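Below: the structure, in structure tokens.
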Amino acid sequence: MADSHQANSSLFHCVDSPFLMPFDGQLAINQLQTSPSSALTKDEYKAQLQVNSDALYHLQHKMFADNRFSVLLIFQALDAAGKDSTIRKVFSGINPAGFQVHSFKQPSSQELDHDFLWRTNKALPERGRIGIFNRSYYEEVLVVRVHPKYLLNQRLPNLTDNDISSIVHDTHFWSDRFQSINSHEAHLARNGTMILKFFLNVSQQEQHRRFLSRIHNPEKNWKFSSSDIEESQLWDKYQHAYQEALANTSRHWAPWYIIPADNKAAMRAIVSQLVLDNISRLPLQFPSLSDEDQAALPAYEKILNDSVDK
């Protein structure tokens, strides 16, 4: 895909990591371990998460004051991989004033009347803020690729019912969507948005264990749906869709990190470390006063001291 020139104009170059999807796409996700290789205990992972959360709180405070950059974090995964709990645990200490989360479900009729990037554009984080997408425009090259019938609802030009059966294998169609995503993310990066994307890589066996937990625990019954089983039966198709999406859209300015998700404590610690390390690369600084305002501070101080001393 001819977008290498965009990397040179990007503000951001992500932190390298064993979990990074290479920018040439030469990594098979179905060959990766879904459990961490480190031998830390659950308590040790929790302690690491707490340290990272504290550091992230102060970093986000500085970013809010600096007000030049924003951060967009995208979480994608199969059912029961732990997106919701990871977002909740990793960012529990962040000031709500500088933080926002958007979950994207089935698109509305209004959203279907626009291009596939429109509904997420409306939810992008403002400068100084961290925004999280729980699912995102990547659904358009993941779920939609596994279920191409959804494309009919989008009323795309030159796409008919007869095309749906072959669209899965139409490399030009999906390449065009990857190109749209890459161009979109490069545009955001050039304008001050750091984009970090996380694929929570759970095994099918662990996924099924978590489904069983939802069935056995009355307080979790509401999380289970028959569609979970139906989607899990399409495991290989989803693996192919994720492979294609990650390989074609992991870039310096918008990397994909593939996080082993069978161990939730480890997954959260890894995500928090990557978020912290990447945001730490931003040239953040607290705003400074003008020379005139700085020179006036002693006078203001005197006025306030006189008021306090009365």
Side-chain angles (χ1 to χ4, degrees), residues 12-23 25 27 29-30 32-38 45 48-49 52-53 56 59-60 70-92 94 99-104 120 123-125 130-143 181-182 185 188-189 193-203 206-207 238-239 241-281:
F12 308 115
H13 288 271
C14 66
V15 168
D16 195 10
S17 166
F19 306 105
L20 179 67
M21 166 59 87
F23 307 125
L27 180 67
I29 63 174
N30 62 2
L32 297 177
Q33 295 294 321
T34 55
S35 294
S37 56
S38 59
Y45 281 125
Q48 181 182 343
L49 174 61
N52 291 344
S53 295
L56 188 58
L59 196 59
Q60 190 276 330
S70 60
V71 174
L72 174 61
L73 308 174
I74 294 176
F75 288 85
Q76 292 285 160
L78 294 170
D79 294 323
K83 296 189 306 301
D84 292 340
S85 64
T86 297
I87 293 168
R88 184 172 64 252
K89 294 289 186 179
V90 172
F91 304 99
S92 61
I94 298 297
F99 179 70
Q100 56 204 51
V101 181
H102 292 275
S103 297
F104 295 96
T120 52
L124 290 170
I130 295 175
I132 291 181
F133 285 178
N134 184 345
R135 302 190 187 276
S136 67
Y137 44 83
Y138 279 97
E139 295 293 284
E140 294 292 333
V141 291
L142 295 170
V143 173
I181 289 172
N182 287 333
E185 292 177 342
L188 294 178
T193 299
M194 171 180 278
I195 304 165
L196 305 174
K197 301 173 293 192
F198 300 94
F199 169 50
L200 307 184
N201 187 25
V202 70
S203 66
E206 178 61 23
Q207 182 195 54
Y238 272 108
Q239 290 294 303
Y242 269 102
Q243 177 67 46
E244 288 289 296
L246 272 60
N248 283 283
T249 60
S250 188
R251 298 292 184 264
H252 288 287
W253 62 91
W256 275 107
Y257 292 105
I258 304 169
I259 313 299
D262 284 3
N263 182 324
K264 287 189 176 182
M267 173 178 62
R268 295 163 185 163
I270 293 168
V271 168
S272 69
Q273 190 66 57
L274 287 168
V275 172
L276 181 62
D277 289 347
N278 274 285
I279 298 180
S280 295
R281 287 193 165 190

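Note that the structure is predicted; figures quoted are calculated from it, not measured.
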Side chain to side chain donor-acceptor pair (under 3.5 Å) partners of N52, counting only residues at least two apart: S272, Q273
Working note: L196 + L274, criterion side chain to side chain contact (heavy atoms under 4.5 Å, CB included); need CA distance, chi angles, decisive distance, verdict. CA-CA 9 Å; L196 305 174; L274 287 168; over 6 Å; no
Would you please test N278 and V71 for side chain to side chain contact (heavy atoms under 4.5 Å, CB included) and show each step? CA-CA 10 Å; N278 274 285; V71 174; over 6 Å; no
Might you point out which heavy atoms bring S17 and Y257 nearest each other, and give the distance in Å? CB-CE2, 3.8 Å
Got a sec, which residues hit side-chain contact (heavy atoms from CB on, under 4.5 Å) with V143, two or more places apart in sequence or on another chain? E139, H147, Y150, Y238
Over all heavy atoms of both residues, which pair between V271 and L200 is shortest? Give the atoms and the distance, please. CG2-CD2, 4.4 Å
Of the non-hydrogen atoms in A81 and M267, which two are nearest, and what is the gap between them? O-CE, 3.6 Å
Any pair counted as salt bridge (charged side-chain N to carboxylate O under 4.0 Å, His left out), so long as it reaches residues 268-281, sequence neighbours left out: none
Residue pairs involving residues 73-85 (criterion salt bridge (charged side-chain N to carboxylate O under 4.0 Å, His left out); sequence neighbours excluded): D79-R135
Please list, chain by chain and in numerical order, all residues satisfying ring pair (Phe, Tyr, Trp, His ring centres under 6.0 Å) with Y45, sequence neighbours excluded. none
With sequence neighbours left out, write down each residue that passes side chain to side chain donor-acceptor pair (under 3.5 Å) with E185, or none if nothing qualifies. Y137, Y138, K197
Set of side-chain contact (heavy atoms from CB on, under 4.5 Å) partners for S203, sequence neighbours left out: T34, Q205, E206, D262
Any residue meeting ring pair (Phe, Tyr, Trp, His ring centres under 6.0 Å) with F199, in chain and number order, not counting sequence neighbours: Y242
Qualifying residues under side chain to side chain donor-acceptor pair (under 3.5 Å), relative to E140, sequence neighbours excluded: Q154, R177
Could you pull out all residues at least two apart from A247 that satisfy side-chain contact (heavy atoms from CB on, under 4.5 Å)? Q243
What residues form a ring pair (Phe, Tyr, Trp, His ring centres under 6.0 Å) with F19, not counting sequence neighbours? none
The criterion is side-chain contact (heavy atoms from CB on, under 4.5 Å); which residues satisfy it with T193, sequence neighbours excluded? S70, L72, L188, I195
Do E244 and V141 make a side-chain contact, defined as non-hydrogen atoms from C-beta onward lying under 4.5 Å apart? no
Check the pair Q239, L78 against side chain to side chain contact (heavy atoms under 4.5 Å, CB included), reporting the backbone distance first and the verdict last. CA-CA 9 Å; Q239 290 294 303; L78 294 170; 3.9 Å; yes
Give me the one residue out of I87, L73, T86 that meets side-chain contact (heavy atoms from CB on, under 4.5 Å) with N134. I87
